Amino acid sequence: MSVSAGAKRVEQLDRVVIRFAGDSGDGMQLTGDRFTSETAQLGNDISTLPNFPAEIRAPAGTLPGVSSFQVHFADYDILTPGDSPHVLVAMNPAALKANLSDLPAGADIIVNTDEFTKRNLAKVGYAVSPLEDGSLAEYAVHPVALTSMTVGALAELGVAKKDAERAKNMFALGLLSWMYSRPFSSTLRFLESKFAKRPDLVAANKAAFQAGWNFGETTEDFAVRYEIKPARMKPGTYRNITGNQALALGLVAASVRSKLPLFLGAYPITPASDILHELSKHKKFGITTMQAEDEIAAIGAALGASYGGALGVTTTSGPGVALKGETISLAIALELPLVIVDVQRAGPSTGMPTKTEQADLNMALYGRHGEAPLAVIAPKSPSDCFHAAIEAARIALKYRTPVILLSDNYVANGSEPWLLPSSDELPDISVEFTTGANGDDGRFLPYLRDPETMARPWAIPGTPGLEHRIGGLEKADKTGDISYDPANHEHMVRTRAARIEAIEVPELEVEDADEHARVLVLGWGSTYGPIGAACRALRQRGLPIAQAHLRHMAPLPANLGEVLAAYDKVVIPEMNLGQLAHVIRAKYLVDAVPFNQVSGLPFTAATLENMLEDVVKNG
Amino acid sequence: MSVSAGAKRVEQLDRVVIRFAGDSGDGMQLTGDRFTSETAQLGNDISTLPNFPAEIRAPAGTLPGVSSFQVHFADYDILTPGDSPHVLVAMNPAALKANLSDLPAGADIIVNTDEFTKRNLAKVGYAVSPLEDGSLAEYAVHPVALTSMTVGALAELGVAKKDAERAKNMFALGLLSWMYSRPFSSTLRFLESKFAKRPDLVAANKAAFQAGWNFGETTEDFAVRYEIKPARMKPGTYRNITGNQALALGLVAASVRSKLPLFLGAYPITPASDILHELSKHKKFGITTMQAEDEIAAIGAALGASYGGALGVTTTSGPGVALKGETISLAIALELPLVIVDVQRAGPSTGMPTKTEQADLNMALYGRHGEAPLAVIAPKSPSDCFHAAIEAARIALKYRTPVILLSDNYVANGSEPWLLPSSDELPDISVEFTTGANGDDGRFLPYLRDPETMARPWAIPGTPGLEHRIGGLEKADKTGDISYDPANHEHMVRTRAARIEAIEVPELEVEDADEHARVLVLGWGSTYGPIGAACRALRQRGLPIAQAHLRHMAPLPANLGEVLAAYDKVVIPEMNLGQLAHVIRAKYLVDAVPFNQVSGLPFTAATLENMLEDVVKNG
Amino acid sequence: MASPTVELKLTAKDFKSDQEVRWCPGCGDYSILAAMQRFMPELGIPRENIVFVSGIGCSSRFPYYMNTYGMHSIHGRAPAIATGLSVSRPDLSVWVVTGDGDALSIGGNHLIHALRRNVNLKILLFNNRIYGLTKGQYSPTSELGKITKSTPAGSADSPFNPISLALGAEATFVARTIDSDAKHLQSVMRAAAEHQGSAFVEIYQNCNIFNDGAFELIKDPSSRDDHLIRLEQGQPITFGAEKQFSVTHPAGSFGLKVEEGGEALVHDATVDDPAYAFALSRLSGSDLGTTPIGVFRNVQRPSYDELITKQLVDAKSQADGTADEMLDALLNKADTWTIM
Amino acid sequence: MASPTVELKLTAKDFKSDQEVRWCPGCGDYSILAAMQRFMPELGIPRENIVFVSGIGCSSRFPYYMNTYGMHSIHGRAPAIATGLSVSRPDLSVWVVTGDGDALSIGGNHLIHALRRNVNLKILLFNNRIYGLTKGQYSPTSELGKITKSTPAGSADSPFNPISLALGAEATFVARTIDSDAKHLQSVMRAAAEHQGSAFVEIYQNCNIFNDGAFELIKDPSSRDDHLIRLEQGQPITFGAEKQFSVTHPAGSFGLKVEEGGEALVHDATVDDPAYAFALSRLSGSDLGTTPIGVFRNVQRPSYDELITKQLVDAKSQADGTADEMLDALLNKADTWTIM
Ligand SMILES: Cc1ncc(C[n+]2csc(CCOP(=O)(O)OP(=O)(O)O)c2C)c(N)n1
Ligand SMILES: Cc1ncc(C[n+]2csc(CCOP(=O)(O)OP(=O)(O)O)c2C)c(N)n1
Ligand code: SF4
Ligand code: SF4
Ligand SMILES: [Mg+2]
Ligand SMILES: [Mg+2]
């Protein structure tokens, strides 16, 4: 494939947000993915956000059928996929209609005019084509006959018309790649491997890509090409990664670094299923994945595996955790390691399975009968899911406790560049099984605790001499025998709480560039990106603000009280109705102000910037 | 039966606490029940507390096999079953050993010497009989050969020896009835009906009772008879009732007063099963009870029945609620009435099923994925369970919401006299089904809300013209159609929260006798008795204290903030690690001090009195 | 169904709701929906007395498209929810729509309990042998060794045979049909509707996105004659283009055999002993080699609803006063005492 | 069980734990425990490689009394928990102890899934046809019309036949035995232990407190000969004091019949088609009229554990470096770029 060097004007930009939008069948996720990959090769910083329709294949051309992928790339480090796209690629009227309201005035819109037929317009309620009624006047609209030009370009290849039409996304990708001067060799490689069994499709898609590139090069409509310099990033090898991928790889790493076989019990559920899919590919690490009959069986099997000495993990989303409560409570009584991953989605009930939310924090902290404390942590970005998974496993293994890891749809499906760690930089999280008696009289005491970690011994079946029985009834301290003694129960309840409180977690760090901020914004989990972007924007405007982000929700970092006390005002933005704020207020009696959005969408940086500006200025 | 009037000295007491203790097979629950009933006839105020072993029939004569029943009665109104018994009836060495530590010096102990055999002593680890080694010196021990005297007394009746021995509990009851001058006609009637098919046993048990009475009358050991005057109680007809009975009757009343058939879906679990048992007897009220295959099916069936226009109820304990979370979340999305009764027991996991705790408050408030608010209420005493059940149904029906009613083992199995309401004093909690369209265009809008209650229409299947579909996916405001619109979701999440907050609940009342208390003690649920008793004791000693007791935990009474603000110090005693305190602190930023006991036992008044005294005196 | 059959002039169109149907183009669910909408008028039950309850899955969107009452509930729980509805409202015709994951994976327990209780539910299991809605994991009816997103090395668990499972759970009515045969679909719906008690219907349904062609062997005109067996009450069980194959019952055997030209067994779904229907169910496994469709079993046993309703009616006949009076009497039914 | 059979000199006493046994005096659970403790040494497996997992119920206290590893888990979930343990530790001998409520009510789904998967578990269901621990409610095996605490007017749901259900769920080993017959108990435990895959054993167990005498008909010496049928592999199925009754298979029938003196069927638990075992299971319902005990079905099918282990072993054989090296390779297996 040859692509001419081009002679158009080249402009430098520092950042761009592009949204590819089309029908579910138009391949927008793949297009976005490829563009991201090309962009990554260039060394830009990147953040992406896919947006899937809820239906598998909603009727073609309808609003619910629209699928989109947004990519934000820049010559500096960025924190979010961008609030509003500079460029919208709209493959049909539905895609235009569904996304238009997110565009700022002046944005570029590239539309596939071939799809703007009467019928398609009618499907989404356009009486007149918006391309013709002047309603898009404030945008820079680029009408492109994407489908027919693709078909035309492939005429000589002799591929079926349907296949030719399908390649139109590669035409679009070619055009955008040209516009933003992306290197495309990885895309060509990708096409070769994706269609390895269909050389005709390899050729067709490559040709479509080139046609798109050439179209940019030649047509008048695109007068400028843009360049975005590489971002200054820490040296090292990077890959682009989604949160779910990172989480799965983090679990593989946890297995490797704990030297324990990983057992995943899972039941498919959006948006957590991909972790199961990914882990099921890595059997050579000794990883067993079991698709159980339901969420209760999934966690049950994971707990059984933990009992047998594996790193037991279960992955699900909110409705699944709601079912697992009784078994989590058992795991707490048994004091066995267990990692429970909740990739949160919008609730209650079935809610909006493909949308994001942080509303399972309460359930993670409190969603079980009795006093049933456990550790809770949350990753702050897609790549952080990797490290959070290892941290969850570390705590579970070292302290013999279930740990809930609260990811969410936003980090799970969003992506960013990830500086690859090498395995030897990862913590050694291995622990020892107990192999000998620990009682004075040569007896084995399954609930005699390690004085440092308060963990009980992990004596797995197969260990001679340590035969013992455990269960969900209250256990006598040390011996683990069934006990109804009131003083013992009081002791055990308080001990279970104390041992979670005693888990060592890193101190909370505060980003307070100028060190004279009076307002602290405190977040947790996936809001890190937009909060960070908002703070940065405020600081650039000379408004001082401090940011702290919680990774550990239980136990909370020891210095949190101190941190909170150092500021006049604490604001807590959350994608729920104020669940962390509630905890902070109760524990520290600080009049923390909740700022909540529960729309199924992540915060935009602008929303937070406005809100924080108001707080900083008006207190 | 003739009982001589007696010529012993009679002493007046204002209150007495008696504990009957014996082996599971000794009939102590029945003995206590009968004594309570006799006492009720006398017009004393009463409070009782049974204590069952966890095993069905633990091996005879062992400590885990001990079953006891405590009854507190007085000539004034009392609030608890008493901290420590004045009299212990110990039917065997195990019963003595298990209960001795609860007795104050000087307490009377009546022991069945026949059971103090070498073997029985050895079973519980007595090397020497405590009756002989002087270890009981500080008590007034009354050794009685209960078994042999019973067998002797029945010799002429010709009953089998086993049956004669079994009647020894009636001997004990006779003796105690004599000691405390109880009327016994109800007991005789009871025996007649209980053994209606075995006249020989009626005779035997009556004879045993008389023998016990006569023994008191004649033996030197019992020099005094006691009398306790009737308590001054509100005029009316009373019965003695346990919390579980009252709760079941309250549900019957809710069905009658709502004019709706009650549908109970339940799965047996200690200590909630008795509600299922009781309700299953009242089919003539149109009540359907279904023992489902598990807790999830139980609530599912109840929800299905609610959807069909019944008053849907499900009853369970903590582990059951942990399983119901997903379905509760569905009920929240569907906005249908549903009453979920949680008779709390000690957790986590299986915990101590026969012991009490208040540790499910967090789960009730927060134990579901997503923002899933609902109403939560808790009864304060056994008889209050009746009214709480009606109140739960009222809220569920009027506001179309699931309501969690948090009872616990202490109120569920404890009993007290209950001033019987007559049906017409009970609130009318009937609501109207929707029968016609409510939209402008003659359309039916299943999520158009009542402007006052914010409840959506309850249009049940069978209503022509209102055919509609509901489900757990997010629904568009008004139409109820599936909606993924961000603004709609935000609106619906906030509306669901607001509609719970808007439920009208009575203002919180404060008992502050002198109106100059600086300390407020705030409780909820079953701690009402011991907190009240402690406050009363403090006031009698001139220490001012204010008491307020929450019945509604969600929404909280509107004046709670004001109430809290009026005191220098707020103390919150709970049988958990501070769950209500957490809520109060978070919501009102009041430095409420938790006081927690998680031993499986209710607070004693003395424990609370000591603690509160310290707070009142030392701030 | 206890609903009175009134004369109604309803058509298929009356059963179409205003919601846009959102399955993938080509999905087998469409034809099942169409067949249901065409069948419904026959029921002779007013729309308002019909309720569709579903769980979660592609198939479970079904209620949205029926202009009756409906509830799209949560994953696996439809039989439980429908049980409460049916028992408390015997005047309704209650249908459950579920998928192979919904009914047999997470909801397996509720399904088998509804069947043993013989609750008056018509349960339609859309079996596409895959998880459609979650985009292609294997289900409890997927073939052993199936490669899916969650089993890249092939699944290791043998599937259920839904018909055998239902029979093992004491089902009184068990049938199988297939999305592509509208007439057969409707005939089975009719038989199910007529049955008093639980009617369990497995519907082979093509998921053209994640498991396309799963049932091709018995759908494709070139092969179906040799693999599809139509059960007809009172008729010998034969199949093949020329009816050349017979299902026979070899002497001394408990199972069935397929023979060319043998003496065909005469089908009788009403035999009380489920062993016959069970034997029939074993004729095909996941390979579909020789697959019976039609009604396997159809016997009478009092439904749970009937028995519960009878208990209620009996009890209510002992009502001795108004509800308020009975309540007062109940509250006072104990040792009481009166303080003046 | 994959554990190596080593020469061990264990006795029943070695399998008694130090916990006091706390069932009601006279409970059938005692004899099952004793039989198990007597049988265990035969297994030839070191105690530390044996695990008992139970749910909740009287029966589920069993693990406390066995001096092996054990877990008393939560209600109904033992098969799921044991599956995770067994699959991840093929070197262990994993036994599940459960009750009729635990296994068939709340735990029904996990049970049938364990059976279809053929997980290498020995599942002992103590069937006393009642809820013991919660003091006497009816269970899914209680007779229709049973009057219990929760059904004062009689239960309205027909019971499961656990053997039929297990067969409907594709179980490979299905047996029944009875608490009062120590020898038979042990023989069935032995057969179960030898089976590769799920072995499902229903044990009739007397709850003398809440359902006393439930199995008297087949226990009482005066009646049992006429009602109890002992299945023995390869032997004609006859019973009666004089072996005067035969279980026969009438020509043309799928079910079985009991005849005086008819030609007795020869028992063969190893036939592949479960239709035979299913027919056997229908010989008695809740009336116990003619109740077979022994092994109904015993066939070979690869266990879930085996298949999963094989996938793991195959995958691990492709390991190409240390775990750390493979991890590094995995992390780098993507489009990467390097910043200097
Ligand atoms: C509690 C819970 N677990 C998991 C899911 C995710 N989920 C939705 S549908 C489904 C399975 C769908 O398969 P099937 O029942 O066969 O229906 P189909 O889509 O194939 O019609 C799953 C696992 C859920 N919604 N809720
Ligand atoms: C989640 C949950 N629901 C209910 C219970 C109460 N419960 C304990 S055992 C049991 C049933 C016992 O019956 P079965 O399994 O037949 O055992 P058995 O006691 O008869 O041996 C029930 C309902 C529980 N412990 N946990
Ligand atoms: S995914 Fe399959 S089952 Fe679901 S709608 Fe599409 S074709 Fe139908
Ligand atoms: S209640 Fe029944 S099953 Fe439970 S221990 Fe007692 S006799 Fe055995
Ligand atoms: Mg499916
Ligand atoms: Mg039982």
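Nothing here was measured: the structure is a model prediction, and the numbers come from that model. Proteins come first, then strands; the chains are lettered A, B, ... in the order of their sequence lines, and each starts at number 1. Only this structure's heavy atoms are used, side chains among them; waters, hydrogens and symmetry mates stay out.
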Proximity breakdown for [X] and chain D, heavy-atom pairs closer than 4.5 Å:
X        : value
A:Lys234 : backbone
A:Tyr238 : both
A:Arg232 : neither
A:Ile470 : both
A:Phe190 : neither

Quiz prompt | Shortest non-hydrogen separation from A:Ser186 to A:Arg34 and the atoms involved | solution =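 Smallest heavy-atom distance, with atoms named: OG-NH2, 3.0 Å.
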
Practice problem: Might you point out which heavy atoms bring A:Phe285 and D:Ala323 nearest each other, and give the distance in Å? | Solution: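 Residues A:Phe285 and D:Ala323, closest heavy atoms: CE2-O, 3.9 Å.
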
[Y] and [X] aromatic ring geometry - parallel, tilted or perpendicular at 30°/60° bounds:
X        : Y        : result
D:Phe62  : D:Trp23  : tilted
D:Phe173 : D:His195 : tilted
A:His387 : A:Trp418 : perpendicular

Main-chain N/O of [Y] paired with [X] side-chain donor or acceptor, under 3.5 Å:
X        : Y        : answer
D:Asn118 : D:Arg301 : yes
A:Tyr76  : A:Pro230 : no
A:Arg456 : A:Pro446 : yes
A:Lys475 : A:Leu473 : yes

Between [options], which residue shows the highest count of heavy-atom pairs closer than 4.5 Å to chain D?
options                                : answer
A:Leu334, A:Ile299, A:Leu42, A:Leu466  : A:Leu466
A:Thr327, A:Leu419, A:Asp424, A:Ile296 : A:Ile296
A:Ala310, A:Ala305, A:Gly472           : A:Ala305
A:Asn240, A:Ile241, A:Val256           : A:Val256
A:Ser255, A:Gly309, A:Pro464           : A:Pro464

Top residue by heavy-atom pair count (under 4.5 Å) with chain A, among [options]?
options                               : result
D:Ile112, D:Leu312, D:Val51           : D:Leu312
D:Thr83, D:Ile50, D:Asp335, D:Asp320  : D:Asp335
D:Thr309, D:Asp314, D:Asn67, D:Ile308 : D:Asn67
D:Gln19, D:Arg117, D:His110, D:Glu48  : D:Glu48

Heavy-atom distances under 4.5 Å only: say whether [X] touches chain A with side chain, backbone, both or neither.
X        : result
D:Arg61  : side chain
D:Met326 : both
D:Tyr304 : side chain
D:Val313 : neither
D:Arg47  : both
D:Ser73  : both

Quiz item: Within a reach of under 6.0 Å around NZ of A:Lys284, are more than 12 heavy atoms found that belong to other residues, nucleotides or ligands?
Solution: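 Yes, because the 6.0 Å sphere around NZ of A:Lys284 holds more than 12 heavy atoms from other groups.
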
Quiz item: Between A:Phe35 and A:Phe73, does the ring centroid distance fall short of 6.0 Å?
Solution: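 When the ring centroids of A:Phe35 and A:Phe73 are compared, they turn out to be within the sub-6.0 Å range.
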
Exercise. State, without any angle test, whether A:Glu416 and A:Ser383 hold a side-chain donor-acceptor pair at a distance under 3.5 Å.
Key: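 Yes.
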
